[in-house]
Amino acid sequence: MKVIGINASPRKGANTATLVETVLKGAAGKGAETKLVDLRKLKMKPCIGCDKCKENLGHCVQKDDLTPLMEEMATCNAIVLGTPIYWFHVTAQFKTLVDRLYCYCGFEMDPETNDYKEVLAFPPGKKVVFITSRGDPEEKKDYDVFYNSLNEWLKVVGMALLASSIELVNHCGSWNEKDAARKDTDLLARAESIGASLV
């Protein structure tokens, strides 16, 4: 079994990275092959809306570091996605990845009804752990737009979000404390347990 962990934080060694690494540690402890990817280290191009991928579904015409990563995501068994919340949503790095995965989504017309239906080239049913980290202590309802868009995106690509995903909120009272996750032994234990449950 292969589990890929994707850290979309632009900060080195901060809370999101800590939690993604800990989930992978739990999976590795159960015998899974794991890989950590830091998006901040990759050369990534944004989606340019050319729609060339609709002619060859699942293949983006752009060639950069996201190309092999997306191929790995399509073939692995489980994915750990981590992003801090910046301005009430995912980081620019994470959004770039999401936009590029559009290459797996197409449409075809039903000749009888002339209605379009969605066609997916991304293999469905992968287990997903989603990790968020934010310093803002506001109620979760203030982030409904974020969580709703996340769930819609996961449904489109056919990923199965685990109910036991991880949210680190208000970093021990500090809005920008990079080592808050490392200090939270209960959270780390939970993250490792969730990783083990992927296998």
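We use all heavy atoms of the structure for the numbers below, so side chains are in, but hydrogens, waters and symmetry mates are not.
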Walk me through it: do K25 and T34 pass the test side chain to side chain contact (heavy atoms under 4.5 Å, CB included)? CA-CA 8 Å; K25 177 183 175 184; T34 63; over 6 Å; no
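Residues D179 and K183 are paired through a salt bridge, judged by an N-O separation under 4.0 Å between the basic side chain and the carboxylate.
Nearest heavy atom pair, residue A8 against residue T91, reads O-OG1, 2.8 Å. Of all the heavy atoms in C103 and L57, the pair that sits closest is O-CD1, 3.6 Å. Of all heavy-atom pairs between M1 and L198, the closest is CE-O, 2.8 Å. Minimum interatomic distance between V199 and A27 (heavy atoms only, all atoms of both residues): CG2-O, 3.5 Å. Pairing each heavy atom of P111 with each of N114, the nearest pair is O-OD1, 3.9 Å. Between V145 and H89, the shortest heavy-atom contact is O-NE2, 4.4 Å.
In this structure, OG1 in T18 is found 4.0 Å from CZ in R182, a value given to the nearest 0.5 Å. Distance check: R11 CZ to T16 OG1 gives 8.0 Å after rounding to the nearest 0.5 Å. Put simply, NZ on K41 and CG on N7 are 9.0 Å apart, with the number rounded to the nearest 0.5 Å. Summarising the geometry, atom CD1 belonging to I85 is positioned 8.0 Å from atom OG belonging to S133; distances are rounded to the nearest 0.5 Å. In this structure, CE on M73 lies 9.0 Å from NZ on K126, to the nearest 0.5 angstrom.
Of the possible polar contacts, none joining the E72 side chain to the I4 backbone as a donor-acceptor pair under 3.5 Å is found. Judged by distance alone, the side chain of K54 and the main-chain N or O of C105 form a donor-acceptor pair under 3.5 Å. With D38 contributing its side chain and R40 its backbone, the two residues share no donor-acceptor pair below 3.5 Å. Put simply, the side chain of N77 gets close to the backbone of K2: a donor and an acceptor are under 3.5 Å apart. Formation of a donor-acceptor pair under 3.5 Å by the D110 side chain with backbone atoms of D115 is not found in this model. The closest donor-acceptor contact from the side chain of R100 to the backbone of K95 lies at 3.5 Å or more, if one exists at all. Without hydrogens or angle criteria, S197 side chain to I194 main chain gives a donor-acceptor distance under 3.5 Å. Distance alone, capped at 3.5 Å, places no donor-acceptor pair between the D99 side chain and the C47 backbone. Using a distance-only test at 3.5 Å, with no hydrogens or angles considered, no donor-acceptor pair links the side chain of Y104 to the main chain of P123. Remark: side-chain polar atoms of T96 are not paired, donor with acceptor, to backbone N or O of K45 under 3.5 angstrom.
Y86 and I6 fall into different hydrophobic clusters, defined by Ile, Leu, Val, Met, Phe, Trp and Tyr side-chain heavy atoms under 4.5 Å apart, directly or through other members.
A side chain to side chain contact (heavy atoms under 4.5 Å, CB included) with Q93 is found for one member of L42, L39, T83 and no other, namely L39.
Taking the six-membered ring for Trp and the full ring otherwise, F94 and F130 have centroids separated by under 6.0 Å.
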